[in-house]
Amino acid sequence: MNTFAKRAGLLSLAVFSAMPVMAQKTASQGIDEYRAMLADGNPAELFEAKGEDLWKKLRGPKNASLEKCDLGKGPGVVKGAFVELPRFFADTQRVQDLESRLVTCMEGLQGFDGAEIAKTPFGQGEQNNVTALATWIASESKGQRFNLSQNHQQEKTFYEVGKRLFYQRGGTHDFSCASCHGEQGKRIRLQDLPMLSKSPGDGVGFAAWPAYRVSNGQMWGMQLRLNDCYRQQRFPYPGFGSDATIALSTFLGVNAKGAISVAPALKR
Amino acid sequence: MQSRRQTLQRSAAIAALLASAGFPQFAQAAFNKNAFDAKSVQDAVKAAGGVGLIESKDVTLTAPDIAENGAVVPIGISTALPGVKQLLLLVEKNPLALVAIFQSSEALENNFLTRAKMGQTSDVYAVAILADGKALWAKKEVKVTLGGCGG
Amino acid sequence: MHMKKTTHALAAMAAFAFLVAGCASGPTVAELDALTDRIVKASFRTQGIANVERVTATDETNRACSEADASGLRLDEKTAKAIEEANFKSIQWPSDGKFVGDWKQGEVIAQNGRGLTWTDDAKMANGGNCYNCHQIDQKEISYGTIGPSLYNFGKLRGVTDVNSPEAKAMLEYTWGKVWNAKAYNACSNMPRAGHMGILTEAQVRHVVGLLLDPQSPVNQ
Amino acid sequence: MADPMRIRAQAAGDKTTVRVLMSHEMETGQRKDAAGKTVPAWHIQEVTATHNGKQVLSAEWGTAVSKNPFMQFVLKGAKAGDKIAVTWKDNKGETRTDEATVT
């Protein structure tokens with residue numbers, strides 16, 4: 001610290017009563033305290049309850065429930081399914097994430113038009129139901145460790161494609177996912193950024209979504225999380241359940257191997 | 001816009017209705033529109049029946065130093081003082097200061113938590129109004145930060 | 001619309017499956033690159049002002065840097081130098097020779113993180129996103145750490161009078177860096193604010209003022 | 001119809017902490033929509049709670065209570081198995097009641 005900076009520091013201490021460095025420390029401690037105060041009573045619980053109800057309810061043109069939906073561990077198995085997705089499904093011959101798989105089930109079992117749901121904007125109509133279902137299904141794997149399969153060739157391929165997407169720079173700002181999530185210990189404004197090119201640890205990044213966003217009072221699944229990342233990257237719009245979003249999820253999910261899921265979480 | 005007299009008349013009517021419905025001893029409050037329409041802390045407390053504002057260490061305000069987002073700020077009021085009628089939470093710089101009123105009740109502790117929206121950094125007030133109208137308050141500044149990418 | 005897209009993606013996968021059928025070791029790097037391109041084309045669409053070309057037709061700088069990032073290897077020196085030279089050549093210097101604008105307006109631009117997303121309006125002024133990644137004025141505690149602190153930027157570089165001949169080189173560097181960061185570091189994380197049309201010439205001038213003007217709070 | 005509340009009532013000694021989450025927009029009346037028109041206020045105004053049918057809580061809320069509201073209060077003397085019911089009523093007259101058992 002040079003003399004001037006020292007003097008400036010002392011001056012600001014005298015005038016404003018708080019040195020910038022101190023304010024800094026207080027800010028991050030203060031935010032931890034704020035988050036702790038909100039931890040009890042996550043509104044995501046409202047969506048969990050709704051999702052569980054939707055799973056069991058007879059709905060759609062076929063007036064059926066989703067209780068026979070195969071999320072990868074056999075028809076109707078919900079517990080533990082979330083921490084193994086995305087994965088390859090033989091019936092669709094595709095790698096699918098939780099939300100695109102739910103749409104497949106809503107189409108096959110209940111008779112909904114899957115393409116119509118995929119076209120519906122987030123936060124409207126059946127998309128709200130997909131989010132609530134994903135929230136409940138995620139909650140049923142709370143505390144379990146991520147363990148995505150890389151056995152099928154398409155799963156390996158999607159990981160490789162996802163890695164390329166993670167590092168793909170573009171848009172007006174040259175941003176890639178890695179611009180913000182490629183290094184340890186960085187932040188945007190006051191928000192800590194998880195490093196996602198390897199496991200960011202328990203309950204961080206991929207292991208924290210779906211999450212309730214306090215800033216807008218909305219429940220977000222991984223599809224919307226990625227969609228809004230791409231929006232802020234100034235990229236064009238990624239289709240709901242598109243291969244790009246699923247490949248990227250595969251990359252993030254495989255990297256998160258061993259991390260404990262806390263979803264549904266509470267986020268800024 | 002409702003006149004104060006109309007509001008009072010309506011409140012009285014609702015109170016009578018509730019009394020006849022079998023809760024005679026419970027201090028049932030109809031929505032106090034005047035208090036919630038007040039812009040300032042002072043006016044809101046006055047509309048809720050508070051006559052004098054006095055700072056007090058016996059009223060505890062729970063609030064974070066800093067809020068990561070102003071849309072959800074956890075705030076609470078508690079007090080062990082006897083004779084409390086109403087407990088109020090207010091945000092000074094919100095367009096309408098009053099957030100919530102909790103009626104004190106023998107069945108409950110005077111200890112309430114909720115979450116408020118804050119448009120900007122502001123003092124938050126916890127006010128306990130006693131039977132004689134005295135309004136005892138505690139306050140704390142909560143910093144609201146601009147989060148995320150700002151987009 | 002969606003059906004067509006799904007079909008397209010599935011077709012890509014089918015072609016890919018055929019490709020690897022006789023190949024036990026999996027697809028080659030080139031095949032994966034080609035598949036990624038196909039998936040990008042099938043997955044993204046134009047929305048609002050965010051045209052699909054923003055990701056299907058990126059320039060050589062982004063292409064080379066993305067490839068280097070994904071491979072985990074740094075760009076080779078020759079390519080890096082060529083990228084920097086090309087970006088440097090594209091810098092538009094102030095048309096009236098004035099490098100330093102109003103730091104107060106620069107601060108507003110630095111604070112603003114909006115603009116150019118698919119939910120933004122083309123008519124609104126874009127922000128510079130500066131505080132998202134940098135500390136600038138110490139009064140603002142909500143700043144990011146992806147880029148270095150810019151507090152005392154001008155002061156630390158000895159700029160005491162922006163009109164002095166000694167300051168000229170620093171004015172040019174600062175302008176150039178804000179206009180096109182890749183002119184100085186090929187794969188910098190920093191957006192090319194002038195080059196990509198994020199900020200106007202006048203806005204760049206104000207941001208340079210925020211960083212270099214001795215009166216700016218940055219240099220107090 | 002509004003979505004159900006989540007009510008948790010946990011007894012510890014002679015005190016029972018009741019935490020309630022409600023599903024509600026809590027529109028402030030200050031916000032403008034895309035067309036520049038003010039979105040009218042739509043918020044919970046009154047909240048009441050009963051303990052085994054007897055009213056114990058009465059609260060009034062303004063527009064500044066957060067979307068999907070949370071509330072916590074502490075009941076004296078309830079015990080496991082007791083019923084806690086919470087009712088909210090908003091400024092459009094819509095109302096919802098949900099019940100939980102003290103654990």
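Worth saying up front: this structure is predicted, and the values here are computed from it rather than measured. First the proteins, then the strands, lettered A, B, ... as listed; each starts at 1.
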I would like to know whether Leu193(A) and Ile146(C) meet side chain to side chain contact (heavy atoms under 4.5 Å, CB included); could you show each step before the answer? CA-CA 10 Å; Leu193(A) 298 163; Ile146(C) 294 172; 3.6 Å; yes
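- For Asn227(A), the parts lying near chain C are the backbone and the side chain together; criterion is any non-hydrogen pair under 4.5 Å.
- Per-residue heavy-atom pair counts under 4.5 Å with chain A were compared for Ile198(C), Val29(C), Val52(C), and the maximum is reached by Ile198(C).
- At least one side-chain heavy atom of Arg169(A) sits less than 4.5 Å from a side-chain heavy atom of Asn189(C).
- Contact between Pro236(A) and Phe44(C) at its shortest, heavy atoms only, is O-CD2, 3.4 Å.
- Taking non-hydrogen atoms and a 4.5 Å limit, the residue list of residues 53-74 of chain C in contact with chain A, ordered by number, reads Arg54(C), Val55(C), Thr58(C), Asn62(C), Cys65(C), Ser66(C), Asp69(C), Ala70(C).
- With rounding to the nearest 0.5 Å, the separation of CG in Asn132(C) from CZ in Arg187(A) is 11.5 Å.
- To the nearest 0.5 Å, the span separating OG on Ser142(C) from CG on Leu190(A) amounts to 4.0 Å.
- For the pair Pro27(C) and Lys156(A), the minimum side-chain heavy-atom distance is 4.5 Å or more.
- Heavy-atom distances place both the backbone and the side chain of Tyr230(A) under 4.5 Å from chain C.
- What you find for His173(A) and Asn129(C) is that their closest heavy atoms are NE2-ND2, 3.4 Å.
- One distance of note links CZ of Arg164(A) with CG of Asp33(C); it measures 4.5 Å at 0.5 Å rounding.
- Shortest non-hydrogen contact noted between Phe158(A) and Ile39(C) is CE1-CD1, 4.3 Å.
- In this structure, Leu165(A) CG and Ser43(C) OG are separated by 7.5 Å, a value rounded to the nearest 0.5 Å.
- Looking at heavy atoms from C-beta onward, Leu32(C) lies out of side-chain contact with Lys163(A) at the 4.5 angstrom threshold.
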In a table with atom names and distances, give each donor-acceptor pair under 3.5 Å that connects a side chain of residues 77-86 of chain C to protein atoms at least two apart or in another chain.
from     : atom 1 : to        : atom 2 : distance (Å)
Thr79(C) : OG1    : Asp76(C)  : OD1    : 2.9
Thr79(C) : OG1    : Asp76(C)  : OD2    : 2.5
Glu84(C) : OE2    : Ala186(C) : N      : 3.0

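- Not a single side-chain hydrogen bond (donor to acceptor under 3.5 Å, both in side chains) links Thr145(C) to another residue, sequence neighbours left out.
- For residues 107-142 of chain C, the pairs satisfying ring pair (Phe, Tyr, Trp, His ring centres under 6.0 Å) are Tyr237(A)-Trp118(C), with sequence neighbours left out.
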